[in-house]
Amino acid sequence: MSPPTPRLRRALLVLTTALAALLCALAPLPAAADGPAGTARADTARAAGDGGPADWTARPAGGGADRDARPYVYLEGTPGTALQDRLAVTNSGRAPLTVRLRGDGRAGAWIGFAADTVTVPARTRAEVPLALTVPPDAVPGDASGEVVADDGDEEIRVPVRVRIGGPTLAALTVEDVEISGGTIRYALVNRGNATLEPRLAVRADGTFGTLLDRPERPLPLELAPGRRVERTEPWPDAPALDAVTVRLRVTAPGGARDEAEASATYLPVAPAVGGGLLVLGGLALLGSGAYRRRRTRRGDPEPPGAESADDRQPTTETRPLVKAGPLVKAGAES
């Protein structure tokens, strides 16, 4: 006999899994653990250029109107060098404004200010020099952080991006792929030293063919070096009964590429309960019938007229024969 084909083996796996689920369908199902929503976390703090409070703003400074509109501080240098820039704080209110300045994030920790606390008169703009020193042991690639300006009531965050000279490595992995109903969960991790803009392709195969095939598309996020982001991929038309394998493929400029997969079996719960009871009842009836047949065969009465050897008794008594000897007359002499 030839071995079963892969498709037949998958069909047998589905049937075996369905039968196992039928037998335990009455058991309560575990509640799904609450997890992260899967999308990239949105920054709650207001960034530079979003309008800000009505009476003050903070943004990268420059010599002209075009440079004043920079959305972030951008610096380039090699490990061990000190890079210079300026932050502009504009007070459009009618009272003096005092703000405290600090760095946040990886690149923010490398920043020093000419003054950590700045008081800006009414209707005045002040420019605060800042210096970013790249550590001597910094890994070549991209680093990011923020400059935070806080007046005690609100804060403005100015993004900072640093390109560190040297060879760069683009490395990206997709991990922890899970399938939960109509949702595919996964995590992206930047394993290199360059900021990545990942792209994602999704494919799902069932027992009898392809169920989902989404071509590669860009994801709405920038993945900084060392950053991990958990995301979800919706699958609203997931099958009701099938064994599926989902494959995720991620890529990014610079040659970064990775793939991962996960498997799951879909089984409707309501039909499983009724079917399980039906199967169990049928098995019980079959077992009961077989048991009765065995009992009947063991206890059948003997046919009329048939007697066992132990029940037969002799009808006439058999006695031993005695041979008669010569007759002797009493009183006769030889």
Side-chain angles (χ1 to χ4, degrees), residues 33-45 47-50 70-76 104-110 134 138-146 157-205 210-238 244-264:
D34 292 335
T39 58
R41 181 181 61 87
D43 292 332
T44 56
D50 290 347
R70 287 187 297 163
Y72 51 81
V73 174
Y74 180 78
L75 300 169
E76 293 184 359
D104 191 19
R106 180 188 175 196
W110 304 341
V134 182
V139 178
D142 296 329
S144 60
E146 293 174 317
R157 291 177 173 264
V158 181
V160 177
R161 297 182 181 178
V162 182
R163 172 62 58 88
I164 304 171
T168 60
L169 172 65
L172 177 66
T173 59
V174 54
E175 305 174 359
D176 300 334
V177 180
E178 297 180 358
I179 309 170
S180 177
T183 302
I184 303 170
R185 302 180 184 276
Y186 64 97
L188 296 179
V189 184
N190 187 343
R191 301 291 184 181
N193 57 18
T195 299
L196 302 178
E197 297 180 356
R199 302 174 64 89
L200 173 71
V202 183
R203 180 183 176 92
D205 294 312
T210 301
L211 304 174
L212 179 67
D213 191 3
R214 295 177 181 172
E216 186 175 271
R217 72 183 193 279
L219 297 178
L221 64 91
E222 286 188 349
L223 206 58
R227 185 183 178 192
R228 173 189 174 93
V229 176
E230 295 182 349
R231 296 182 57 85
T232 59
E233 184 76 9
W235 191 8
D237 54 348
V244 301
T245 299
V246 174
R247 295 177 177 86
L248 303 183
R249 184 180 73 251
V250 293
T251 60
R257 178 187 178 91
D258 192 31
E259 294 185 2
E261 67 178 39
S263 299

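Only this structure's heavy atoms are used, side chains among them; waters, hydrogens and symmetry mates stay out.
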> Would T232 and R185 count as a side-chain contact (heavy atoms from CB on, under 4.5 Å) if you check the C-alpha gap in whole Å, the side-chain angles of each, and the deciding distance to 0.1 Å?
Replying inline: CA-CA 4 Å; T232 59; R185 302 180 184 276; 3.7 Å; yes
> Does anything in residues 192-201 pair up under salt bridge (charged side-chain N to carboxylate O under 4.0 Å, His left out), and if so which pairs, sequence neighbours excluded?
Replying inline: R199-E216
Considering all heavy atoms of both residues, which atom of [X] and which atom of [Y] are nearest to each other, and what is their separation?
X	Y	result
P159	P71	CD-O, 3.6 Å
I164	A143	CD1-CB, 4.4 Å
A262	I179	O-CD1, 3.6 Å
A107	G145	CB-N, 3.7 Å

Side-chain contact test, heavy atoms from C-beta onward, threshold under 4.5 Å: evaluate it for [X] versus [Y] and give yes or no.
X	Y	answer
L188	L219	yes
V162	R106	no
L200	L248	yes
W235	V246	yes

Find the distance between [atom1] ([X]) and [atom2] ([Y]) and round it off to the nearest 0.5 Å.
X	Y	atom1	atom2	value
L212	I184	CG	CD1	6.0 Å
R247	S263	CZ	OG	7.5 Å
R191	T173	CZ	OG1	4.5 Å
E175	R228	CD	CZ	5.5 Å

[Y] backbone acceptor or donor facing [X] side chain under 3.5 Å:
X	Y	result
N193	P140	yes
R227	E222	yes
N190	A224	yes

> Among P225, P253, S144, which one satisfies side chain to side chain contact (heavy atoms under 4.5 Å, CB included) with T195?
Replying inline: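 The side chain to side chain contact (heavy atoms under 4.5 Å, CB included) with T195 is passed solely by P225 among P225, P253, S144.
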> Which is it for L172 and D258 under the side-chain contact (heavy atoms from CB on, under 4.5 Å) test, yes or no, and what are the steps along the way?
Replying inline: CA-CA 7 Å; L172 177 66; D258 192 31; 5.7 Å; no
